[in-house]
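Each ligand, and each atom within it, is numbered from 1 in the order the structure gives.
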Amino acid sequence: MSGLFVELTAPNGRKYSQPRGLFINNEFVKSKSGETITSINPSDETEITSVYAAGPEDVDIAVTAARKAFKDPSWRDMDTTARGDLMYKFAELIEQHKETLATIETWDNGKPYSVALNEDLAEVTGTIKYYAGYANKIHGQVIDTSPAKLAYTIREPLGVCGQIIPWNYPLAMAAWKLGPALCTGNTIVLKAAEQTPLSILYLATLVKEAGFPPGVINILNGEGRKAGAALASHMDVDKIAFTGSTATGKEIMKMAAVNMKNITLETGGKSPLLVFDDADLDQAVKWSHIGIMYNQGQVCTATSRILVQEGVYDQFVKSFKEYVTQASIVGDPFKDDTFQGPQVTKTQFERVLSFIESAKSEGATLESGGEVYKDVGGKGFFISPTIFTNVKENMKVYREEVFGPFVVITSFKTEEEAVAKANDTTYGLGAAVFTQNITKAHRIARLIEAGMVWINSSNDSDLRIPFGGVKQSGIGRELGEAGLEGYTNKKAVHVNLGTKL
Ligand code: NAI
Ligand code: MG
């Protein structure tokens with residue numbers, strides 16, 4: 001296959017034209033080397049299509065395009081209300097094409113179609129609209145010092161932003177990065193994850209249709225170690241924003257050091273969920289399920305360690321097992337009642353299975369699942385929702401991010417022990433606390449080392465609220481007003497109004 005578009009029919013019968021190129025300067029082009037990556041449907045392991053994959057030379061061309069666009073008055077000096085309007089138009093086009101975008105997302109990633117359409121795509125349009133609203137509200141300050149001096153700040157865009165996104169929320173993670181970068185006047189080279197290269201290319205067609213000047217948004221597919229590394233180490237890129245694993249985040253930090261790039265990192269987690277004796281147990285069970293099993297367990301904030309106080313431990317484990325069995329319906333992601341589709345790739349599938357083996361060999365107790373789920377046509381990367389108890393703190397499955405429908409449960413005696421256990425991790429992304437005692441809830445919220453705390457829920461995320469981690473879960477924040485910080489400089493201007501000094 002060598003064309004730049006291919007006509008496809010998705011498993012749900014939807015026909016559409018799939019772009020296959022690299023999107024640079026508002027045009028689809030082939031990679032210089034001709035290299036491609038193949039996209040696989042994780043539900044049945046068939047090949048969907050292949051797309052062009054960027055190498056260092058292509059990254060360089062995209063960065064040059066983004067630099068030129070950054071300096072072009074048509075973008076740099078665009079009226080900020082007009083810039084917001086452009087972003088609204090982009091959001092409207094995404095809304096009009098949401099069924100196609102959600103179809104591609106489900107086909108390539110394996111997430112349930114109802115989730116892709118009603119949650120992921122709503123997140124995409126919501127985020128672009130939210131930041132569109134900020135475009136004409138970005139301003140500096142006048143800072144009073146003395147009558148002889150006038151000092152003010154200007155919030156400037158950083159320049160060319162490299163954005164590297166993961167495969168668990170391909171379009172939503174793109175929107176989280178595009179929104180704040182665009183409304184502040186930056187230009188972008190975004191690299192999608194090689195596991196899910198398709199939906200972002202369809203989104204690229206809407207970039208052009210919305211009317212963004214060429215070079216403002218460039219979108220590349222390509223392997224992390226080639227295209228991703230070329231972007232992170234490029235001397236003419238001013239910022240790198242990354243979502244993915246902690247190990248890769250550390251590599252990116254090192255590469256970004258070559259020209260001291262501004263960085264934002266959203267990385268891994270092993271987020272605890274604490275259930276106290278005085279919790280509303282039905283609520284705790286319901287949210288514990290969502291907190292770990294949603295999106296096939298492929299969520300950076302997944303509450304993957306459940307810690308339960310001794311008085312309600314047995315009852316919790318029993319109710320949780322029953323709830324998971326009834327609510328985690330595994331199946332074809334295009335079917336309406338499916339809660340859990342396949343893992344995104346064979347690699348991820350095998351990785352989760354290896355953690356299951358590790359838990360067994362280290363002596364944890366398998367309460368349910370723990371095996372390949374074969375009832376969806378015998379193919380695909382499906383895993384039964386898996387629960388382990390009798391998990392010790394030194395076990396690999398207690399310490400490492402699994403990124404699958406896999407949870408470990410352990411117990412604690414006192415509040416102090418709960419906090420100590422919750423914080424006994426190199427990560428610090430999210431944490432959930434279940435108690436009916438509001439004083440205790442807020443006390444613990446302050447003591448937990450995490451970027452986000454959920455009281456009597458898990459994994460709430462709202463595009464108006466800052467999202468990010470502490471410790472090895474990341475640097476900086478996305479979403480909300482806080483998301484703008486990662487995309488602007490504050491330039492200080494000093495004006496001398498006096499003559500004596
Ligand atoms: P990854 O962190 O290696 O990949 C994420 C993105 O980084 C992709 O776009 C990839 O192409 C890029 N990348 C990879 N190596 C790079 C490099 N050397 N330089 C520049 N860019 C690079 O994650 P991967 O391998 O897909 O998944 C492995 C594990 O990472 C998962 O099992 C999960 O635990 C974790 N993960 C966490 C995510 C999160 O949302 N926090 C998302 C994806 C993965
Ligand atoms: Mg795929």
* Are Trp107 and Pro11 close enough that some pair of their side-chain heavy atoms sits under 4.5 Å apart? ->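 A side-chain contact under 4.5 Å exists here.
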* Side chains of Pro157 and Phe70: does their closest heavy-atom pair fall under 4.5 Å? ->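 When only atoms from C-beta onward are counted, Phe70 and Pro157 do touch, with a gap below 4.5 Å.
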* To do: Begin with the C-alpha distance, continue with both residues' side-chain angles, and end with the deciding distance and a verdict on salt bridge (charged side-chain N to carboxylate O under 4.0 Å, His left out) for Arg225 and Glu251.
  => CA-CA 10 Å; Arg225 290 192 180 279; Glu251 298 226 352; 3.6 Å; yes
* Asked: Can Lys261 and Asp236 be counted as an ion pair, charged N to O under 4.0 angstrom?
  ->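 So Lys261 does not pair with Asp236 through a salt bridge.
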* Considering only NZ, NE, NH1 and NH2 on the basic side and carboxylate oxygens on the acidic side, decide whether Glu449 and Lys471 come within less than 4.0 Å. =>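 So Glu449 pairs with Lys471 through a salt bridge.
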* For ligand 1, what is the set of protein residues having any non-hydrogen atom at a distance below 4.0 Å? ->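 Residues Ile164, Ile165, Pro166, Trp167, Asn168, Lys191, Ala192, Ala193, Glu194, Gln195, Gly224, Arg225, Gly228, Ala229, Phe242, Thr243, Gly244, Ser245, Thr248, Glu251, Ile252, Met255, Thr267, Cys300, Gln348, Arg351, Glu401, Phe403 each place a heavy atom under 4.0 Å from ligand 1, listed by chain and number.
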* Asked: Hey, is the Mg ion (ligand 2) within less than 2.8 Å of some N/O/S atom on Ile40?
  ->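 Of the N, O and S atoms in Ile40, at least one lies under 2.8 Å from the Mg ion (ligand 2), which means yes.
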* Parallel, tilted or perpendicular: which fits the ring planes of Phe90 and Phe212, with parallel below 30° and perpendicular above 60°? ->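 Geometry flag for Phe212 against Phe90: perpendicular rings.
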